[in-house]
Chemist: 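My structure is below; once you've seen it, I'll send some questions.
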Amino acid sequence: MPSLVAIVVAHDSAHALPSCLAALAAEHVPAVVVDNASRDASVSIAEAVGARVIRNPRNEGYGRANTLGIRAAERAEHVLILNPDIVLQPGAADALLRAAAASPDAGLLAPRLMEPDGRFFYQPRSLLAPYLTNPQGTLTLPEGDACAPFLSGACLMIRRDLFLDLGGFDPNIFLFYEDDDLCRRVADAGRALVHVHGAVALHGRGRSSKPEPGRVFRTRWHQAWSRAYVSRKYGLPDPSPKMLAVNAPKAALASLSFRQPLVERYAGSAAGALAALRGRTALAQEGLL
């Protein structure tokens, strides 16, 4: 029985999947690819290297698709959730499994994420992490294994039974903050979040899906909406009024200068905040209801 199965959610990810899946194969980690209605060769690429493929007829979002893949990985003890733009480095999977065995109280474990420019990605705080407060976001990079306030959803390892016992990713979230929410629920269950320094993964940062018109607007919409959603879920102040007040004038000014990327950025944030205030859901926005 394999102890570890990787879950990769793809959406127009043909450019990134070959390196991701090749690295998993080199680590002898079987992969389940959940395809969110890709319009490119993502499915054929995954099938060609022997990955199990689950085809969603529509884009279900990141967390919902991951939960589907994890439910399908019935023989796995642990699951490794990773973006298509993640490339595990040699020995990373074994290092994560050794850390899990050495720390039985660990709920989530994550590798050291290295960015394309060589920097080490480490987020020093989380909106939902009152158990490790760092209000100024002071960045002190760990030099070894360490408990963390947050672990990036770009690459996470968790026991499959724990993930399912916690209900999986919040199905109301289409994109963004599903990892913060999972980290919070794992911590609330009395489990540690562990950064595993000896496990290294290269992170393409934003390369999971190919660029397309309107992507910036859609991304910013979901960032704003999901931040409001998780804030309300955990009794935090609603950031939507301030987000709308800040971004709506910026969108108007950007439109006067015909700077389309800035228009999409600010208008997306304003629209997501307004939708949250009006009670519109992310699933409705994506036509999933």
Side-chain angles (χ1 to χ4, degrees), residues 1-11 24 27 29-36 46 51-84 86 88 93 96-111 126 128-129 131 147-148 150-196 199 201 226 229-230 233-234 281-283 288-289:
M1 183 175 69
S3 60
L4 181 63
V5 172
I7 312 297
V8 183
V9 173
H11 176 66
L24 289 170
E27 294 288 279
V29 178
V32 175
V33 175
V34 184
D35 185 73
N36 267 338
R52 177 182 176 185
V53 177
I54 298 173
R55 302 189 191 202
N56 282 333
R58 60 187 185 180
N59 187 347
E60 294 286 342
Y62 184 72
R64 289 158 61 95
N66 265 303
T67 298
L68 178 63
I70 291 169
R71 290 189 185 280
E74 296 176 354
R75 299 178 61 202
E77 181 180 356
H78 292 85
V79 289
L80 182 67
I81 302 163
L82 69 164
N83 287 352
I86 290 287
L88 292 185
L96 288 168
L97 289 170
R98 285 196 301 269
S103 302
D105 64 331
L108 280 169
L109 302 101
S126 168
L128 303 181
Y131 41 85
C147 289
F150 167 84
L151 297 173
S152 170
C155 190
L156 293 170
M157 192 180 80
I158 187 171
R159 287 188 60 92
R160 179 177 179 271
D161 56 0
L162 174 60
F163 180 86
L164 295 178
D165 287 346
L166 291 172
F169 283 115
D170 187 327
N172 295 310
I173 300 174
F174 183 82
L175 192 63
F176 297 113
Y177 287 96
E178 64 279 289
D179 46 0
D180 292 73
D181 175 73
L182 180 64
C183 287
R184 172 64 181 262
R185 286 185 284 131
V186 168
D188 285 349
R191 300 296 192 100
L193 281 58
V194 179
H195 161 81
V196 183
S226 295
Y229 172 80
V230 297
K233 181 176 178 177
Y234 291 97
T281 69
L283 302 187
L288 292 175
L289 294 181

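Every value quoted in this text rests on a predicted model; they were computed, and no experiment measured them.
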Chemist: Of all residues at least two apart in sequence or in a different chain, which pass the side-chain contact (heavy atoms from CB on, under 4.5 Å) check with D165?
Modeler: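 side-chain contact (heavy atoms from CB on, under 4.5 Å) list for D165, sorted by chain: empty.
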Chemist: Should C155 and L80 count as side-chain neighbours, where that means a heavy-atom distance under 4.5 Å?
Modeler: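 Result yes, sub-4.5 Å side-chain heavy-atom pair found.
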Chemist: Going by the rule ring pair (Phe, Tyr, Trp, His ring centres under 6.0 Å), which residues pair with Y177 if we only count those two or more places apart in sequence or in a different chain?
Modeler: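 With neighbours one apart ignored, the set is empty.
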Chemist: Taking the basic N atoms (NZ, or NE/NH1/NH2) and the acidic carboxylate oxygens, is any pair closer than 4.0 Å for R185 and D181?
Modeler: yes
Chemist: Answer whether the closest heavy-atom distance between the side chains of L97 and S3 falls below 4.5 Å.
Modeler: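 They are in contact (side-chain heavy atoms under 4.5 Å apart), so the answer is yes.
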Chemist: What pairs with R191 under side-chain contact (heavy atoms from CB on, under 4.5 Å), at least two apart in sequence or on another chain?
Modeler: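 With neighbours one apart ignored, the set is L162, V186.
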Chemist: Any side-chain heavy-atom pair from P30 and V5 closer than 4.5 angstrom?
Modeler: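 P30 reaches V5 side chain to side chain.
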Chemist: About how many Å separate OH of Y62 and CG of D179, when rounded to the nearest 0.5 Å?
Modeler: 8.0 Å
Chemist: List the residues meeting side chain to side chain donor-acceptor pair (under 3.5 Å) with E60, not counting sequence neighbours, and say none if there are none.
Modeler: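 Residues passing side chain to side chain donor-acceptor pair (under 3.5 Å) with E60: R58, R64.
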Chemist: Holding to side chain to side chain donor-acceptor pair (under 3.5 Å), I want the full list of residues that pass it with Y229, two or more places apart in sequence or in another chain.
Modeler: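 Scan of Y229 (side chain to side chain donor-acceptor pair (under 3.5 Å), adjacent residues dropped) gives D170, N172.
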Chemist: Mind checking salt bridge (charged side-chain N to carboxylate O under 4.0 Å, His left out) for R98 and listing every partner two or more places apart, or none if nothing turns up?
Modeler: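 Not a single residue meets the salt bridge (charged side-chain N to carboxylate O under 4.0 Å, His left out) criterion with R98.
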Chemist: Using every non-hydrogen atom in the two residues, find where L166 and A189 come nearest and quote the distance to one decimal.
Modeler: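 Between these two residues, the closest heavy atoms are CD2-CB, 4.3 Å.
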Chemist: Kindly compute the distance separating CD1 (I158) from CG (L96), expressed to the nearest 0.5 Å.
Modeler: 13.0 Å
Chemist: The criterion is side chain to side chain donor-acceptor pair (under 3.5 Å); which residues satisfy it with D35, sequence neighbours excluded?
Modeler: S38
Chemist: Can you classify the ring geometry of F169 versus F163 as parallel (below 30°), tilted (30 to 60°) or perpendicular (above 60°)?
Modeler: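 F169 and F163: perpendicular rings.
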Chemist: Restricting to side chain to side chain donor-acceptor pair (under 3.5 Å), what partner residues turn up for N56, sequence neighbours left out?
Modeler: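 Side chain to side chain donor-acceptor pair (under 3.5 Å) check on N56 returns N36.
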Chemist: Just jot down the side-chain contact (heavy atoms from CB on, under 4.5 Å) partners of A46, sequence neighbours excluded, or say none.
Modeler: L21, V33, A51, V53
Chemist: Does the side chain of C183 come within less than 4.5 Å of L108's, by heavy atoms?
Modeler: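 Yes, close enough: below the 4.5 Å cut-off.
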Chemist: With side-chain contact (heavy atoms from CB on, under 4.5 Å) as the test, pick out the partner of M157 among V79, L4, I81.
Modeler: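 Of the listed options, the one satisfying the test is L4.
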Chemist: Between A192 and C147, which heavy-atom pair has the shortest distance, and what is it?
Modeler: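 Shortest heavy-atom separation between A192 and C147 comes out as CB-SG, 4.2 Å.
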Chemist: What's the shortest heavy-atom distance between H78 and A100, and which atoms?
Modeler: NE2-CB, 4.0 Å
Chemist: Would you indicate whether the side-chain heavy atoms of L88 and L24 approach each other to under 4.5 Å?
Modeler: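 SC-SC contact between L24 and L88 confirmed.
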Chemist: Restricting to ring pair (Phe, Tyr, Trp, His ring centres under 6.0 Å), what partner residues turn up for F174, sequence neighbours left out?
Modeler: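 So F174 forms a ring pair (Phe, Tyr, Trp, His ring centres under 6.0 Å) with H222.
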Chemist: If we only count heavy atoms from C-beta on, is the V230 to I173 side-chain gap below 4.5 Å?
Modeler: yes
Chemist: Among all residues two or more places apart in sequence or in another chain, which pass the salt bridge (charged side-chain N to carboxylate O under 4.0 Å, His left out) test with R160?
Modeler: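 None.
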Chemist: If the condition is side-chain contact (heavy atoms from CB on, under 4.5 Å), which residues does A72 pass it with, not counting sequence neighbours?
Modeler: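 Residues passing side-chain contact (heavy atoms from CB on, under 4.5 Å) with A72: R52, I54.
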Chemist: Distance check, rounded to the nearest 0.5 Å: L109 atom CG versus L151 atom CG?
Modeler: 7.5 Å
